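Here is the structure we will look at, set down as C-alpha cells.
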Amino acid sequence: MAGMVNGEISSRLEGKYAAIVVCWLLGNGCLFSWNSMLTIEDYYIYLFPKYHPSRVLTLVYQPFAVGTLAILAYNEAKLNTRIRNMFGYILFFISTLLVLIVNSATSGKGGLGIFIVICAISGAFGVADAHVQGGMVGDLSYMHPEFIQSFLAGLAASGVLTSTLRLITKAAFDHSSDGLRKGAILFFAISTFFELLCVVLYAFIFPKLPIVKYYRSKAASEGSKTVSADLAAGGIRTLPGTDKENTKDPERKGNKQLLLENIDYALDMFLIYLLTLSIFPGFLSEDTGSHSLGTWYALVLIAMYNVCDLIGRYIPLLKCLKLESRKFITVTILSRFLLVPAFYFTAKYGDQGWMIMLTSFLGLSNGYLTVCVLTSAPKGYKGPEQNALGNILVLFLLGGIFAGVTLDWLWLIGKGW
C-alpha cells in the first residue's frame, strides 16, 4: 500500500527538470524583447542622437509597466492567470514584430515621428511585462523554489543572450555599409521568433507537466481561483475542494496584510532596482567617457553586467551562500548604494578596467539579492497568498526600476540638460 502511495506521489512530481528548463525559457521571453531594445542602444543613439534614447525609452516603458501591474496586483485574486500570461507573451511577440517592421520599412532613417513610434512600442513592452512578470512570479511562488529561481535566471539570461547576439551581429556587419541597421534587423528577427516560441511553451507544454498540475491542484485546494484555466489546459476539469460539502473558501490574508507583514522585502526589491537602474543602462551607455574600446565599450559594459547578473542568480542554489536573514539582506542592499560614488569617481578618474569591474559587481549583486528575496518571502504562506505576495513584490521591483530610470537623469546635470 505504501509503495502504491509513493508511486502515485512520484508520478505527480514527474517533469521537474523539464519544468525548470521551460521556466528558464519563459523567463528569457519575459525580458528578451525589452533587452533587445536596450542592447541595440548604439543603433538608436545613431538614429536619434538628440533624444537620449537609452534614457527616454526606459522612462516611457516604466509607467506602463508599473501602472498596469498596480491594477493587476490589486485584482490578482479575481484574474485568470492563464489569460493574463498568454496576453503578455502574445503582446511581446506582436510588439517585437512591429519593431522589426518599423526598422525595415524606414530604411534606417531617424526623425521625431519614427522615435515616437518606437517609444509607443516600448510602452507596449511595459504592459506585456506587467502581465507576464507579475503573473509568472506569482504563479511560481507556490511551486518548487527551483522553478522561480530558474525563471529569474532566465530573466537575466535574456540579457546575456541579447548582448551576445548583439556583439555577434555588430562584428558581422561592422565594416559593411548600413551595418548597424542590418545587425539590428537580424537581431529583432531572432527576438520575434523567440517570443513566438514562448507563446507555444506556455500555451501547450508547461500546463501539461505533471509536477505543474500537482502544484496548481494544491493551490486550488487551498482556495486559489486563478488557476482554473491552467488546470483545464492540463486536462484537469474539476478543482479539488469544490464539492458541495466544502463550498466555503479557505481564509486568505488580504493584500494589505501581506504587504505589512513583508514591507521589508517589498522595500528591498524597490531599493535593489532603484540603484541598479540609476546606473544601468543609461549611465553606462552615455556617461563613461571615451576609451580604447571605442564604440564597443558600452556594449562590453552592458554584456558584463548581464553575464554577472545571470551568475548572481545561480549563487543562491548553494545553500551555504544564500542569504536568508531578513536583516542581513536589508543591510547588504543598503550597502550597495556605495556604488554611486564609486561609479562617479571611476568615470571621472579611472580607466576602463575599473569600470568593467564595478559593472560586473553591480550585476552580480543585483541577481543574487533578487533571488534571495523572491525565494525567501513566500515561505510559510498558502498558495493563493504566495501568488498575491509574488505580484506585490514584482510591483515594488518595477516601482524601483521606474524610480531608478528617473534618477538616472541626474547624471546629466551640468551636461547641457
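Just so it is clear, the structure is predicted and the values come from calculations on it, not from any experiment. Numbers for residues simply follow the sequence, beginning at 1.
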task = Starting from the C-alpha separation in whole Å, work towards a yes-or-no answer on side chain to side chain contact (heavy atoms under 4.5 Å, CB included) for Tyr368 and Leu323.
result = CA-CA 9 Å; Tyr368 173 75; Leu323 266 183; 3.6 Å; yes
Polar side-chain atom of Ser36 near backbone of Phe32 as donor-acceptor pair, under 3.5 Å = yes
key: Note, Ile185 side chain near Leu100 side chain (heavy atom, < 4.5 Å)   = yes
query = Taking C-beta and beyond as the side chain, do Ile315 and Leu364 meet within less than 4.5 Å on heavy atoms?
reply = yes
query = Mind checking whether Trp34 and Tyr61 have parallel, tilted or perpendicular rings, split at 30° and 60°?
reply = parallel
key: Carboxylate-amine/guanidinium contact Arg216 Asp139, below 4.0 Å   = yes
key: Exam field: side chain Asn80 to backbone Ile83, donor-acceptor pair closer than 3.5 Å   = yes
message = For a quick test of reading the model, state the closest non-hydrogen atom pair linking Leu374 to Ile148 and the distance between them.
response = O-CD1, 4.0 Å
query = Distance from Tyr51 atom OH to Ile118 atom CD1, nearest 0.5 Å?
reply = 13.0 Å
request  = Return the minimal non-hydrogen interatomic distance between Ala220 and Val227, and the atom names on each side.
outcome  = CB-CG2, 3.9 Å
task = Over all heavy atoms of both residues, which pair between Ala266 and Leu259 is shortest? Give the atoms and the distance, please.
result = CB-CD1, 4.0 Å
message = Determine whether Phe343 and Met355 satisfy the following criterion, side chain to side chain contact (heavy atoms under 4.5 Å, CB included), listing intermediate values before the conclusion.
response = CA-CA 7 Å; Phe343 270 99; Met355 184 61 75; 3.5 Å; yes
ask   = CD1/Ile329 to CG/Leu334 distance, rounded to the nearest 0.5 angstrom?
value = 12.0 Å
query = Ignoring hydrogens and geometry, is there a side-chain-to-backbone donor-acceptor pair from Ser365 to Leu362 under 3.5 Å?
reply = yes
inquiry  = For a 4.5 angstrom cut-off between non-hydrogen side-chain atoms, does Thr192 reach Phe93?
reply    = yes
inquiry  = Pair Val99, Phe125 - check side chain to side chain contact (heavy atoms under 4.5 Å, CB included), show working.
reply    = CA-CA 11 Å; Val99 175; Phe125 283 154; 4.2 Å; yes
query = More than 12 heavy atoms of other residues, nucleotides or ligands under 6.0 Å from NZ of Lys322: is that the case?
reply = yes
request  = For residues Lys253 and Leu389, determine if any side-chain heavy atom of one lies less than 4.5 Å from a side-chain heavy atom of the other.
outcome  = no
query = Any donor and acceptor pair, going by atom type alone, linking the side chain of Ser221 with main-chain N or O of Lys218 inside 3.5 Å?
reply = yes
ask   = Taking atom NZ of Lys327 as the centre, does the number of heavy atoms from other residues, nucleotides or ligands within less than 6.0 Å exceed 12?
value = no
Flag side-chain contact, heavy atom, 4.5 Å: Cys30 against Met136 = no
query = Under the 3.5 angstrom rule, does the side chain of Glu222 hit a backbone N or O of Gly383 as a donor-acceptor pair?
reply = yes
task = Indicate yes or no for a side-chain donor-acceptor contact from Thr81 to the backbone of Thr226 under 3.5 Å, with no hydrogens or angles considered.
result = yes
request  = Determine whether Tyr305 and Thr359 make a side-chain contact, defined as any pair of heavy atoms from C-beta on separated by less than 4.5 Å.
outcome  = yes
ask   = Any donor and acceptor pair, going by atom type alone, linking the side chain of Lys213 with main-chain N or O of Gly234 inside 3.5 Å?
value = yes
message = To the closest 0.5 Å, what do you measure between CG (Asp268) and OG1 (Thr370)?
response = 10.5 Å
task = Kindly say whether Arg313 contributes a backbone atom to a donor-acceptor pair with the side chain of Gln149 at under 3.5 angstrom?
result = yes
ask   = Please walk me through it: do Cys198 and Leu26 pass side chain to side chain contact (heavy atoms under 4.5 Å, CB included)?
value = CA-CA 6 Å; Cys198 288; Leu26 291 174; 4.2 Å; yes
remark   = The reported gap from CZ in Phe194 to OG1 in Thr96 (rounded to nearest 0.5 angstrom) is 11.0 Å
request  = Please examine the side chains of Trp354 and Leu358, heavy atoms only from C-beta on, and report whether any two atoms are closer than 4.5 Å.
outcome  = no
remark   = Residues Ser33 and Glu195: closest non-hydrogen pair is OG-OE2, 2.9 Å
request  = Could you tell me how the ring of Phe270 sits relative to the ring of Phe396: parallel (under 30°), tilted (30 to 60°) or perpendicular (over 60°)?
outcome  = perpendicular
task = Report the relative orientation of the aromatic rings in Phe115 and Phe48; use parallel for angles under 30°, tilted for 30 to 60°, perpendicular for over 60°.
result = tilted
key: Heavy-atom pair with the smallest gap, counting every atom of Met143 and Tyr215   = CG-CB, 3.5 Å
task = Report yes or no: does Asn255 contribute a side-chain atom to a donor-acceptor pair with the main-chain N or O of Ile392 at less than 3.5 Å?
result = no
task = Please confirm whether the backbone N or O of Phe147 pairs with a side-chain atom of Ser150, one donor and one acceptor, at under 3.5 Å?
result = no
request  = Output, in order, the C-alpha distance, side-chain angles, deciding distance and verdict of side-chain hydrogen bond (donor to acceptor under 3.5 Å, both in side chains) for Thr330 and Asp264.
outcome  = CA-CA 7 Å; Thr330 302; Asp264 55 335; 5.0 Å; no
inquiry  = Looking at Phe337, I'd like to know if its CZ atom is crowded, meaning that more than 12 non-hydrogen atoms belonging to other residues, nucleotides or ligands lie closer than 6.0 Å.
reply    = yes
message = Within this structure, what is the CZ-CZ distance for the pair Phe87 and Phe92, rounded to the nearest 0.5 Å?
response = 11.0 Å
task = Could you tell me whether the side chain of Met357 reaches within less than 4.5 Å of the side chain of Thr346, counting heavy atoms only?
result = no
ask   = Just checking, any donor-acceptor pair under 3.5 angstrom between side chains of Arg326 and Ser376?
value = no
message = If you count every heavy atom of other residues, nucleotides or ligands that lies below 6.0 Å from Phe64 atom CZ, does the total exceed 12?
response = no
Minimal non-hydrogen separation, Val199 against Met86, with atom names = CG1-CE, 4.0 Å
ask   = Out of curiosity, Ile114 CD1 to Cys119 SG, how far, rounded to the nearest 0.5 Å?
value = 12.0 Å
task = Name the orientation class of the two ring planes belonging to Phe345 and Tyr349 (parallel below 30°, tilted from 30 to 60°, perpendicular beyond 60°).
result = parallel
